[in-house]
Amino acid sequence: MGFFNRLPTPIQGYIFVIITMAIWGGFSLFARLNAHWGISAWDIIFIRFGVSALILLPIIIYQKNHQFLWSKTAISLAIFGGVGYSMLVYRAFLIAPVAHGAVFLNGMIPVATALLMLFWLKKRPDHDTKIALIIISLTLVSMTALMVITKQTFGMGDGLFVLCAFSWGAYGILVKQSSLTAWQIMCCTAVWSALIYVPIYALFFEPNFIHVKPHHLIIQGVFHSVIVMIVATMTYALAVAKLGAFTAGGIASVAPFISAIVAVPLLGEPLDLVMVVGLVGMSFGVIQPWRFLTSLTFFNKENL
C-alpha cells in the first residue's frame, strides 16, 4: 500500500473507479440473469442485504465502533444508495433489457447528479460538464425520436431506471458531502438497508428462492452481497472522495454500456438502432474525450 499511497490522488481515484466499473459491468449482467434463473427482485435484495449485514455486524461489534451508524446521514445513505435504489433497479432489470439499463440508468446518472447538485447544493456545472450534459441530453432526445419512428414506447422498466439514476445521484452527493470513511459509508449502507428491508420482506413477500437451483443462489448471493454491496460500495466511495461525484459516477457508468453489448450474444438480447445511438452518445458524453485532447501539446492554443 505504500506505493499506492504515493500515487497522485487523481490516479488513486481512477484505480478505484476502474474496479467499480468492472463490478458495475458485471452487475447489469448478473441482475438480468435473475430473470433467466427465476430469482425474484425481492428475494435477491433480501439475500444482498441480509448476507452483507451478517458479515459486517460481527466486525463492527468486535471493533466496538458503531457510533457512526446512529445518524441521519447513515439512514439517508441506505435509503438512496441501498434499499431504495435496489428495490427500483432489480425490479427494472427483471422487465427491461441490459441495454435499456445502460442508457436510462447509467447514461442518466451524470445528468441526474448534475441536476441534483444544481438544485440541492446550488452548484453549477463547469464548461466541460455542460458540454457533456448537452451531448447526453441530445442523445436522449434522439433516442426518443427513433423510438417514436420505430413505434417503440418507454416501458415501466425504463421509468424505473430513470428514478434509479436520481437515487444513485443523490447517494453520490451524500457520499461526497459526508465526513464518514469509505468503510463507514459501506457499513451504513449495508446495515441500515438490512434493518429497513428485512422486516418489509418478512411482512409483505413470500420467499421464492427455495425453488431456485442452489448453485444459482450461491453465485448471486456471493456476487451481490459481497462483491457489489461490500467491495463496490467501498471502491465507489473512495473514487467519489478523490474525483468527485460527477466524475466518478460518470466514468463508472461506462461499464454497463459494454455489458449491453456483451448481453447480445450471452443473453440473446436485442440491440437495435435506438440502443446503438444511446450507447454511442452516452459513452461519448460520459467519457468526455475532448478533455484529454485539450491536454495534449498539439491541441494547445499556442500551437493553433
If only atom types and distance count, is the side chain of [X] paired as donor or acceptor with the main-chain N or O of [Y] below 3.5 Å?
{"X": "Ser193", "Y": "Val83", "answer": "yes"}
{"X": "Gln220", "Y": "Ile44", "answer": "no"}
{"X": "Gln184", "Y": "Thr181", "answer": "yes"}
{"X": "Ser167", "Y": "Phe80", "answer": "yes"}

Can you tell if the side chain of [X] reaches within under 4.5 Å of the side chain of [Y], non-hydrogen atoms only?
{"X": "Pro10", "Y": "Lys242", "value": "no"}
{"X": "Phe30", "Y": "Asn34", "value": "no"}
{"X": "Phe16", "Y": "Met234", "value": "no"}
{"X": "Cys188", "Y": "Ile185", "value": "no"}
{"X": "Ile173", "Y": "Met117", "value": "yes"}

Taking all atoms of both residues into account, what is the closest heavy-atom pair of [X] and [Y], and its distance?
{"X": "Thr139", "Y": "Val277", "result": "CG2-O, 3.6 Å"}
{"X": "Leu69", "Y": "Trp192", "result": "O-NE1, 2.7 Å"}
{"X": "Ile45", "Y": "Met87", "result": "CD1-CA, 3.5 Å"}

Checklist entry - Got a sec, which pairs hit side chain to side chain donor-acceptor pair (under 3.5 Å) with one end in residues 69-80, sequence neighbours left out? => result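 Every pair satisfying side chain to side chain donor-acceptor pair (under 3.5 Å) with a residue in residues 69-80: His66-Trp70.
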| request: Identify which one of Tyr90, Tyr201, Phe204 satisfies the ring-ring contact (aromatic ring centres under 6.0 Å, His included) criterion when paired with Phe46. | output: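 Exactly one option meets the ring-ring contact (aromatic ring centres under 6.0 Å, His included) with Phe46, and it is Tyr201.
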- Query: Near Phe223 CZ, under 6.0 Å, is it more than 12 heavy atoms from other residues, nucleotides or ligands?
  - Reply: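 More than 12 heavy atoms, drawn from other residues, nucleotides or ligands, come within 6.0 Å of this atom.
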CD of Gln67: more than 12 outside heavy atoms within 6.0 angstrom?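 Result for CD/Gln67: enclosed.
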(request) Taking the six-membered ring for Trp and the full ring for Phe, Tyr or His, determine whether the centres of Tyr236 and Trp168 are under 6.0 Å apart. (result)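 Yes, the ring centres sit under 6.0 Å apart.
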Test of understanding: with ring-ring contact (aromatic ring centres under 6.0 Å, His included), list the residues that count as partners of Trp42, not counting sequence neighbours.
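Only Phe205 meet the ring-ring contact (aromatic ring centres under 6.0 Å, His included) criterion with Trp42.
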